[in-house]
Amino acid sequence: MLEEVERWLTGRSWSSADRPLNRLTEARAADPGRTTVSVVLPALNEEATVGAIVATIRRELMDRVRLVDELVVIDSGSTDATAAVARAAGARVVHRDAILPRIPALPGKGEVLWRSLLVTSGEIVCFVDADLRDFSADFVSGTVGPLLTDPAVQFVKAMYDRPLGDVAGQGGRVTELVARPLLNLHWPRLAGFVQPLGGEYAVRRSLLERLPFPVGYGVELGLLVDALHTVGLDALGQVDVGVRVHRHQDGQALGRMAAAIYRTAQLRLSRGHLVRPALTQFERGEGGFVPRTYTVDTEERPPMREIAEYAERRAA
């Protein structure tokens, strides 16, 4: 590991317990500009979990203390009761297709995160996945905390243990098999991030609006790499929030995720073009193995500050 990364681990890795809620609320009270915080949950068919997450954030961080100013669920086309459950729990719900309608929406998590900048106003934006179980408000307060207490910090990722079923530490298979090797080999200054692909992180809007957003699964790696090049390693941090329990995807879904992440990395290494941006996988059918070919996410959205509607909204 680079000496720079070892120093970074000492100075830019924290625990959520390092900044208890009373310290954060005092920091906000002492802030003459009162930095505002928006929490965004991208959601697709998450009726089983989204309500409990929204209710916890509202109860612990909006009603009990005033740490979060805005709580928004972006529904990316759910066919279940995700929107109704989230709304009943206290979130503002916005459908992905209602945001920036002149640009047809593409499928993918990154697309939803990008569009969320147009319907939120917080100077700090905190993203939280909507499939978490046993959710703790520390996922929000932990990642937001360094941004509220240290003006030099721009981007904070949550880190945590990821069990796979009853086996501790075996979650995050794409992280260990794809993302971590890519980062260590090509962006070794990011080798200290425990969960580089984690979906829980907080970022200053002034940075987010300057970054391109891969529309699919590559969004977390893309934002992290681009943030490094935009603001430098010392502006990045990570906070230990304990354990993350969520729904796990099957091996083939993980393969598609891995291909999108590799493509995102490749674009940043060369800005070249794949000869064949597709991935073929195999499923056993009645007559043997059947090939299934999937398109690999290759689209990226431009920095939000280049979008006319966003500039007009910020100027209003």
Side-chain angles (χ1 to χ4, degrees), residues 13-31 33-43 46-75 81-94 112-113 116 119-150 153 155-163 194-195 198-205 237-247:
S13 292
W14 303 284
S15 165
S16 58
D18 293 337
R19 294 177 177 84
L21 279 178
N22 64 326
R23 180 183 171 191
L24 297 182
T25 53
E26 289 170 2
R28 289 198 84 192
D31 178 6
R34 194 175 178 276
T35 302
T36 52
V37 177
S38 297
V39 175
V40 173
L41 277 70
E46 303 294 357
E47 66 176 1
T49 51
V50 69
I53 298 171
V54 168
T56 298
I57 295 171
R58 176 158 286 282
R59 181 181 65 252
E60 301 293 333
L61 302 178
M62 299 180 79
D63 298 336
R64 189 168 296 171
V65 300
R66 191 67 178 179
L67 190 71
V68 171
D69 301 280
E70 186 177 38
L71 176 55
V72 182
V73 170
I74 310 293
D75 184 1
T82 290
V85 169
R87 194 175 290 112
R92 177 161 64 95
V93 179
V94 183
V112 175
L113 300 185
S116 76
V119 293
T120 56
S121 58
E123 295 154 88
I124 294 172
V125 182
C126 177
F127 297 120
V128 177
D129 282 349
D131 66 342
L132 303 187
R133 302 196 301 271
D134 301 326
F135 176 76
S136 166
D138 288 347
F139 279 83
V140 175
S141 60
T143 55
V144 166
L147 298 168
L148 290 174
T149 57
D150 187 342
V153 177
F155 188 125
V156 179
K157 298 277 292 190
M159 56 178 168
Y160 32 67
D161 295 317
R162 295 185 66 182
V194 176
Q195 297 293 350
E200 291 70 46
Y201 47 104
V203 193
R204 296 194 191 278
R205 178 179 293 271
Q238 60 185 348
V239 173
D240 188 348
V241 297
V243 178
R244 185 186 198 268
V245 180
H246 67 118
R247 182 186 66 253

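The structure displayed is predicted, hence computed values, not measured ones. Computed over heavy atoms, backbone and side chain alike; hydrogens, waters and symmetry mates excluded.
Shortest non-hydrogen contact noted between G122 and S38 is N-OG, 2.8 Å. Taking all atoms of both residues into account, the shortest heavy-atom contact from R133 to T49 is CG-CG2, 3.9 Å. Of all heavy-atom pairs spanning V144 and C126, the tightest one is CG2-CB, 4.0 Å. Closest non-hydrogen pair, W14 versus G237, comes out as CZ3-CA, 4.1 Å. Pairing each heavy atom of K157 with each of G198, the nearest pair is NZ-O, 2.7 Å. Contact detail for A89 and G51: the closest heavy-atom pair is CB-O, 3.5 Å.
Contact annotation: the side chain of T56 never approaches that of F139 to less than 4.5 Å [non-hydrogen atoms, C-beta and beyond]. Under the 4.5 Å side-chain criterion, counting only non-hydrogen atoms from C-beta, V54 is in contact with V73. Contact check for V119 versus I74: side-chain heavy atoms found under the 4.5 Å cut-off.
Atoms OG and CG, on S16 and D240 in that order, are 7.0 Å from each other to the nearest 0.5 Å. Remark: I53 CD1 to D129 CG distance equals 8.0 Å, nearest 0.5 Å. Atoms CG and OG1, on L148 and T143 in that order, are 9.5 Å from each other to the nearest 0.5 Å. Atom CZ in R66 sits 14.0 Å away from atom CG in L21 (nearest 0.5 Å). Taking CZ of R244 as the start and CG of L132 as the end, the distance is 5.0 Å to the nearest 0.5 Å. In this structure, CD on E46 lies 5.0 Å from CG on D131, to the nearest 0.5 angstrom.
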Go through T120 and R205 one step at a time and tell me if the side chain to side chain donor-acceptor pair (under 3.5 Å) criterion holds.
-> CA-CA 10 Å; T120 56; R205 178 179 293 271; 2.8 Å; yes
Does the side-chain contact (heavy atoms from CB on, under 4.5 Å) test come out yes or no for V241 and E200, once each step is laid out?
-> CA-CA 10 Å; V241 297; E200 291 70 46; over 6 Å; no
Tell me, with the steps shown, if I57 and L41 meet side-chain contact (heavy atoms from CB on, under 4.5 Å).
-> CA-CA 11 Å; I57 295 171; L41 277 70; 4.3 Å; yes
Working for side-chain contact (heavy atoms from CB on, under 4.5 Å), residues E60 and S141 = CA-CA 10 Å; E60 301 293 333; S141 60; over 6 Å; no
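Ionic pairing of R19 and D150 is not present here: no N-O contact between side-chain nitrogen and carboxylate oxygen is shorter than 4.0 angstrom.
Between the side chain of E47 and the backbone N or O of V85, no donor-acceptor pair lies under 3.5 Å. Judged purely by atom type and a 3.5 angstrom limit, R58 has no side-chain atom pairing as donor or acceptor with the backbone of D63. A donor-acceptor distance shorter than 3.5 angstrom exists from the side chain of Q195 to the backbone of Y160, with no hydrogens or angles considered.
For the pairing with E123, the side chain to side chain contact (heavy atoms under 4.5 Å, CB included) check across D69, V37, L147, T35 returns one residue only, T35.
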